[in-house]
Amino acid sequence: MKALVLEEKLRLSLREIELPLDMGPRDVRIRIGRVGICGSDVHYYTHGRIGPFVVSEPMVLGHEAAGVVVAVGREVHHLAPGDRVCMEPGIPDLSSRASREGHYNLDPAVRFWATPPIHGCLTSEVIHPAAFTFKLPDHVSLAEGAMVEPFAVGLHAATKAQIKPGATAVVTGAGPIGIMTALAALAAGAGQVVVSDLSAEKLAIAGQYPGIVPFDIRSGSLSARVAELTGGWGADVVFEASGSPRAYDGIFDLLAPSGTLVLVGMPPDLVPFDVVAAQAKEARIETIFRYANVYSKAVALMASGKVDLKPLISASFPFEQSIAAFERASQGRPSDIKLQIVVEDSAS
Ligand code: ZN
């Protein structure tokens with residue numbers, strides 16, 4: 001099968017590769033339609049590793065996918081050939097203690113697409129467990145279906161935040177995950193979400209959405225702006241989605257008493273934390289690792305029209321131009337929120 005293979009750091013090829021295609025009774029076979037390029041795919045390309053995960057042999061990239069079911073195992077009843085679907089890319093061991101206790105995303109044995117040594121989905125067909133495959137309604141495109149994966153991160157963060165109707169939230173960082181976290185917070189009932197960044201282009205894209213208040217951190221103090229918007233009380237929830245250690249400077253100044261800080265971005269280095277500032281507000285601190293149990297809710301929000309992720313798809317490339325797509329993604333253009341690869345157009 002043809003696939004986009006990361007041979008080693010900084011070397012991609014679009015070539016034939018042998019991938020396992022044996023299907024169990026609870027699996028489905030899917031023809032891949034669209035795949036979004038994630039920051040993690042780009043990081044494996046440019047650095048060859050993320051923390052302890054090192055690319056030591058050729059690996060197919062891609063984990064944000066939607067496609068069309070072509071065959072189902074004999075014990076699969078909720079999907080049929082022809083169904084348009086999106087796939088949750090992390091497959092846990094469902095008999096593990098983490099899974100049994102309800103935290104399947106934290107199973108140490110989880111097999112996640114395009115996380116070494118597991119191949120990703122930038123190829124023409126994959127076998128996937130039906131339990132982690134979600135049907136898309138007719139009016140949700142495969143392009144939108146491939147946005148469910150990053151949106152799931154935001155939705156998991158908003159779920160952990162326990163947002164109340166009308167709450168004010170702040171999201172630091174207007175990358176794809178930051179914007180999608182803001183949209184998830186609005187869908188969860190937030191009245192307004194301040195999104196901060198230092199890229200005017202990213203803020204302009206975020207600011208298209210009603211309810212999002214963009215804030216350029218070069219223009220002044222974010223905490224002063226939040227105070228102004230909340231009568232001096234502070235935000236009920238702050239989502240840190242930039243991964244920048246600098247975002248932690250004075251982060252509790254943004255928060256209302258008894259507010260919640262959700263850590264979404266992953267800083268590359270250790271971050272010092274003002275414990276007393278957190279205690280003085282009895283801040284609740286939540287963290288997330290990927291997501292669990294949010295895919296069908298993400299699809300429902302898109303199907304209902306409450307969340308529209310189409311404006312975040314900045315460009316799409318044919319499969320043949322996958323390497324060019326990765327080169328563009330690695331440039332990190334500020335106006336590029338999400339780039340997608342069209343693996344098979346007729347599947348869209
Ligand atoms: Zn991703």
Side-chain angles (χ1 to χ4, degrees), residues 4 6 12 32-47 49-51 53 55 59-67 85-92 104-106 110-116 118-123 126 128 132-134 142-158 171 173-184 202 239 241-243 263-268 287-295 297-299 302 307 309-310 312-317 322 325-326 328-330 332 336-343:
L4 182 69
L6 177 60
L12 287 167
I32 298 291
R34 291 254 183 171
V35 179
I37 299 178
C38 181
S40 69
D41 294 311
V42 176
H43 202 85
Y44 282 123
Y45 171 48
T46 55
H47 291 73
R49 65 183 298 158
I50 296 180
F53 297 100
V55 179
M59 178 180 80
V60 177
L61 289 172
H63 63 262
E64 303 180 356
V85 291
C86 61
M87 292 77 86
E88 194 169 335
I91 308 305
Y104 69 82
N105 55 323
L106 307 181
V110 70
R111 296 166 55 87
F112 198 95
W113 274 342
T115 301
I118 309 298
H119 285 303
C121 59
L122 264 164
T123 182
V126 294
H128 205 64
F132 292 87
T133 303
F134 299 83
L142 291 187
E144 294 170 87
M147 296 292 274
V148 171
E149 199 278 336
F151 181 58
V153 176
L155 199 52
H156 189 48
V171 177
I177 295 295
I179 296 177
M180 286 191 246
T181 299
L183 296 177
K202 286 193 188 330
F239 298 94
S242 71
L263 309 183
V264 181
M266 290 180 158
T287 63
I288 60 159
F289 184 67
R290 298 173 179 151
Y291 38 73
N293 300 310
V294 293
Y295 251 62
K297 298 179 183 83
V299 172
M302 290 162 78
V307 172
L309 302 177
K310 293 189 289 294
L312 304 181
I313 303 170
S314 311
S316 44
F317 294 75
S322 294
F326 267 79
R328 165 126 162 218
S330 62
D336 282 348
I337 301 295
K338 180 59 71 181
L339 303 180
Q340 286 189 341
I341 294 174
V342 183
V343 176

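Computed from heavy atoms alone, side chains included, the values below leave out hydrogens, waters and symmetry copies. As the structure lists them, so they are numbered: ligands from 1, and atoms in each ligand from 1.
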Chemist: Is it true that some N/O/S atom of Glu149, main chain or side chain, lies under 2.8 Å from the Zn ion (ligand 1)?
Modeler: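 Short answer: yes, at least one N, O or S atom is under the cut-off.
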Chemist: Which residue, Leu155, Leu312, Val171, forms the side chain to side chain contact (heavy atoms under 4.5 Å, CB included) with Leu183?
Modeler: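 When side chain to side chain contact (heavy atoms under 4.5 Å, CB included) is applied between Leu183 and each of Leu155, Leu312, Val171, only Leu312 qualifies.
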Chemist: Taking the six-membered ring for Trp and the single ring otherwise, decide whether the centroids of Phe132 and Tyr104 are under 6.0 Å apart.
Modeler: yes
Chemist: Output the distance between atom CD1 (Ile341) and atom CG (Leu61), rounded to the nearest 0.5 Å.
Modeler: 8.5 Å
Chemist: To the nearest 10°, what's the angle at the Zn ion (ligand 1) between atoms SG (Cys38) and NE2 (His63)?
Modeler: 100°
Chemist: Name the orientation class of the two ring planes belonging to His47 and His43 (parallel below 30°, tilted from 30 to 60°, perpendicular beyond 60°).
Modeler: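 His47 vs His43 ring planes: parallel.
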Chemist: Restricting to N, O or S atoms, which atom of Glu64 is closest to the Zn ion (ligand 1)?
Modeler: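 It is OE2, the N, O or S atom of Glu64 closest to the Zn ion (ligand 1).
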